[in-house]
Amino acid sequence: MPLYQNQTLKIYNSLTGEKEIFEPLNDGYVGMYVCGPTVYSYVHLGNCRTFISFDLVFRYLKHLGYKVRYVRNITDAGHLENDAEEGEDRITKKARLEQLEPMEIVQKYTVDFHNTLQKFNNLPPSIEPTATGHIVEQIETVKSIIENGLAYEANGSVYFDVLKFNESEDYGILSKRKVEDLIANTRDLAGQSHKKNPQDFALWKKAEPQHIMRWPSPWGEGFPGWHLECTVMSNKYLGEQFDIHGGGMDLKFPHHECEIAQGTACNGKPPVKYWMHANMLTLNGKKMAKSTGNNILPVDLFSGDNEVLSKAYHPSVVRFFILQANYKSILDFSDEALIASEKGFEKLMNAIQLLEKLTTSKSSGIDVKAWKQSCYDAMNDDFNSPVLIAQLFEAVKYINACHHHKLELTQEDIQTLKTTMSDMCFDVLGLQKIDVESKVDSKQNELIDLLIDLRNQARAVKDFKQSDAIRDRLLELGVQLKDTAQGTSYEFSN
RNA sequence: GACAAGGUGGCUGAAUGGUUAAAGGCAACAGACUGCAAAUCUGUUUUUUAUGAGUUCGAAUCUCAUCCUUGUCUCCA
C-alpha cells in the first residue's frame with residue numbers, strides 16, 4: 001500500500017491563499033509543471049532555490065508513492081527584453097553580444113543549468129520540453145484562442161484580449177489584481193499602438209527583419225509570446241487540467257496570470273488545481289542584482305572564488321541551508337548563515353554514520369515510531385522542511401545518547417531510525433554525504449598515517465613541541481587531526 | 001504611487017488565539033574527553049515576537065495606524 005494513503009498532505013495554494021488537503025485529479029498520479037529558466041545566461045542562484053524547492057516537492061510526492069510526471073520547460077525563444085514593439089529576444093541579444101548562433105547560446109547555458117542543478121543533487125524532471133520544439137503546437141493554440149474570440153491579430157502579431165476575457169472570467173484571480181487598477185496604472189508606451197489595450201499581451205509576435213529566430217505562421221513570420229509556451233507544453237504533457245504548477249514568486253504576475261487566462265480561453269476551464277510559489281533569495285539582506293555587484297554565481301559559490309563569501313561551500317551544504325527555511329519565506333544568503341549550516345550539516349552526517357555502530361538493548365527509552373510520524377507530519381504540512389530538519393536533530397540527540405549508553409534502543413527501533421533518517425535526509429531532502437575520502441589516493445593516506453605515527457611517538461615521550469608542530473603543519477595543509485579514546489583519526493577541512 | 005508577501009533572540013529560522021508561551025541549527029558560556037588544543041558529546045544562557053493603539057477571559061498569531069524590507073506593476077525563479 002502506498003504511503004500516501006496513510007498520510008494527509010496539505011499544500012498552500014497561492015490561488016486561494018489557504019493550505020488545502022492535497023487530492024490529485026487522478027488517484028495515485030500527480031502532474032506537476034514548473035517554469036524553467038530562460039537559457040540566455042548562467043543560472044541565477046535564486047533560480048536554484050526555486051528548483052531545489054520544487055525538487056523537494058517532487059521527491060516527497062514520489063516518496064509517498066505517487067506516480068509523478070514532472071515537466072519543466074527550457075525557454076529558448078520568445079522571451080523579450082521588454083514588451084515594446086522593438087523588444088529584442090533575450091537569446092538573440094546574447095548571441096549578438098557573444099557572437100554566437102542563438103542555438104549555441106541555448107546549448108551553452110542549458111548545459112550550465114543542468115550541471116549546476118546536478119551539483120545540487122536535483123533529480124531531473126520527467127520531461128524537459130523546449131519552446132522551439134513546440135512551435136506547431138503553439139500556433140495551434142493561438143488559432144483556437146482566436147476562434148474562441150479572445151485574441152485578435154494586429155499587424156502580423158496576435159494579442160490576447162484581456163478586457164474581453166475579463167467579461168466572463170477573472171483576469172487577476174491569482175495575483176489579486178483588478179483589471180481596473182491595471183488600466184489605471186498602465187503608462188501609455190509608444191510603440192504599443194497595435195494593441196487594443198495596453199494590458200493585452202502577445203501570443204504571437206511578428207518578426208522584424210533583423211530578427212533571427214523566426215517561424216512561419218498564418219500571420220506571417222514571427223515567434224511565440226513568452227507566456228504561451230508554458231500553457232502549450234503543460235497542456236500537451238499533463239492535459240487540460242493538472243495538479244501542481246510551480247514557479248518563482250516573481251512569475252506570479254504577469255506570467256502565471258496569463259497562463260490561467262490562456263488555458264481557460266483555450267479549454268474553457270482553469271488549467272491548474274494547486275499553484276505554488278517559491279519566495280526570493282536575498283544576499284546580505286539585499287536583492288541580488290548584477291548591476292550593484294550584490295550577486296553570486298553558483299560556480300563561484302562552490303569554488304570560493306567570489307567577493308561576497310569567505311570560503312567555498314559544498315553544494316550539499318548550500319542545499320541544506322536553503323531547506324532550513326520554508327520555501328514560502330524570503331531567505332537571506334550570508335556567510336555567517338552558511339557557516340552555521342555547514343556545522344549543523346556535519347553534525348547531522350556524523351550522527352548518521354554513528355547509527356551503524358549503535359549497540360542494541362532489550363527495551364527502548366523513547367517512542368521511535370512517534371518520532372518517525374513527526375517527520376512525516378512536518379513534510380505533510382506544506383513541505384515544512386525546517387521543521388523536518390529540527391526533527392532530524394532530535395534524532396541526532398537520541399543517536400548520540402545511545403552511543404554514550406545513556407539511552408537504550410531496541411534493534412527494531414535502531415532499524416527504524418536508520419531507514420527514516422536515510423529516507424528523509426537522502427531521498428526526501430536530497431542531501432549528499434560529502435565524500436572526502438574519494439578525493440585522496442591511498443598513497444596520501446599512508447603518508448598521513450605515517451605522520452600521525454611520528455606525532456604519537458613524540459607524544460609518548462612528551463615531546464609536545466614536536467607533536468604540536470606536526471599537528472599544526474597538517475592543519476595548515478587542510479588535514480584536521482582528531483584525538484579520541486580510540487586513537488587518532490583525521491579528516492580534510494577546507 | 002498601486003498591489004502582494006513579510007518584519008520573531010548575537011546570527012539564521014520554526015510556530016499563525018490557549019497547558020508554567022516561542023522548535024531546531026549556529027554563536028557564547030560551562031562540563032566530559034585531551035599533555036594542551038582542535039574535533040566530538042553533554043548542559044546552560046539570551047529575546048517577550050518592528051512601533052503604537054485596539055478586539056479577546058487569553059495574541060507573535062485577529063483589526064487599525066506608523067516605520068522598514070523584499071517582490072510585482074516593462075523582462076526576471
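Below, chain A is the first sequence line, B the second, and so on; all start at residue 1. Only heavy atoms go into these numbers, but all of them, side chains included; no hydrogens, no water, no symmetry mates.
- A 3.5 Å limit on both hydrogen-bonding distances identifies B/C3 as the Watson-Crick or G-U partner of B/G71.
- At the heavy-atom level, A/Ala325 lies under 4.0 Å from the strands shown only through sugar-phosphate atoms.
- Picking from B/G35, B/A4, B/A14 the nucleotide with the shortest atom distance to the side chain of A/Lys252 gives B/A4.
- Looking at heavy-atom distances under 4.0 Å, A/Leu481 makes contact with a base.
- Pair check for B/G31 finds B/C41; Watson-Crick or G-U wobble, both atom distances under 3.5 Å.
- Not a single donor-acceptor pair, N or O on each side, falls under 3.5 Å between the base of B/G13 and the side chain of A/Asp332.
- One finds a side-chain N or O of A/Lys347 lying less than 4.0 angstrom from the OP1 or OP2 phosphate oxygen of B/C26.
- At B/A14, one or more side-chain N or O atoms of A/Ser329 fall inside 4.0 Å of OP1 or OP2 (strictly under the cut-off).
- Look at A/Arg59 and A/Asp55 and you find a salt bridge, because one of the NZ, NE, NH1 or NH2 atoms lies within 4.0 Å of a carboxylate O, short of that distance.
- Put simply, NE2 on A/His255 is 14 Å from P on B/U72, counting in whole angstrom units.
- Computed from coordinates, the A/Arg459 CZ to B/C36 P distance equals 10 Å when rounded to whole Å.
- Considering only the side chain of A/Asp483, B/A38 comes nearest among B/C73, B/G24, B/A38.
- B/A59 and B/U8 have their C1' atoms separated by 14 Å, with the value rounded to a whole Å.
- With a 3.5 Å ceiling on both atom-pair distances, B/A15 lacks any Watson-Crick or G-U wobble partner.
- If you measure from atom NE2 of A/His405 to atom C1' of B/C33, you get 15 Å, rounded to the nearest angstrom.
- At the heavy-atom level, A/Phe464 lies under 4.0 Å from base atoms of the strands shown.
- Looking at which nucleotide of RNA chain B each of A/Leu281 and A/Ser175 is closest to, the 5′-most match is held by A/Ser175.
- Residues A/Phe321 and A/Ala340 both approach RNA chain B. Their nearest nucleotides, taken by heavy-atom distance, put A/Phe321 toward the 5′ side.
- The nearest whole Å value for the distance from the CG atom in A/Leu331 to the P atom in B/G6 is 15 Å.
- Using a 4.0 Å heavy-atom criterion, one finds that A/Gly247 contacts the sugar-phosphate atoms exclusively.
- In this entry B/G58 has no Watson-Crick or G-U wobble partner, no candidate having both defining distances under 3.5 Å.
- Between the base of B/A37 and the side chain of A/Arg471 there is a donor-acceptor pair shorter than 3.5 Å.
- Within 4.0 Å of A/Asp250, counting heavy atoms only, lies at least one base atom of the nucleic acid.
- In this structure, the side chain of A/Ser422 does not engage the main chain of A/Lys418 through any donor-acceptor pair within 3.5 Å.
- Between A/Tyr237 and A/Tyr33, a ring centre-to-centre spacing not shorter than 6.0 Å is recorded.
- For B/A14, the base has no donor-acceptor partner in the side chain of A/Asn384 [N/O atoms by modelled type, under 3.5 angstrom].
- In summary, the side chains of A/Asn197 and A/Tyr159 do not present any donor paired with an acceptor at a separation below 3.5 Å, with no hydrogens or angles considered.
- Aromatic ring centres of A/Phe58 and A/Phe51: separated by at least 6.0 Å.
- With a cut-off of 3.5 Å on both pairing distances, the Watson-Crick or G-U wobble partner of B/U66 is B/A50.
- Closest to the side chain of A/Pro254, out of B/G24, B/C75, B/C11, is B/C75.
- The side chain of A/Lys343 places an N or O atom within less than 4.0 Å of a non-bridging phosphate oxygen (OP1 or OP2) of B/A27.
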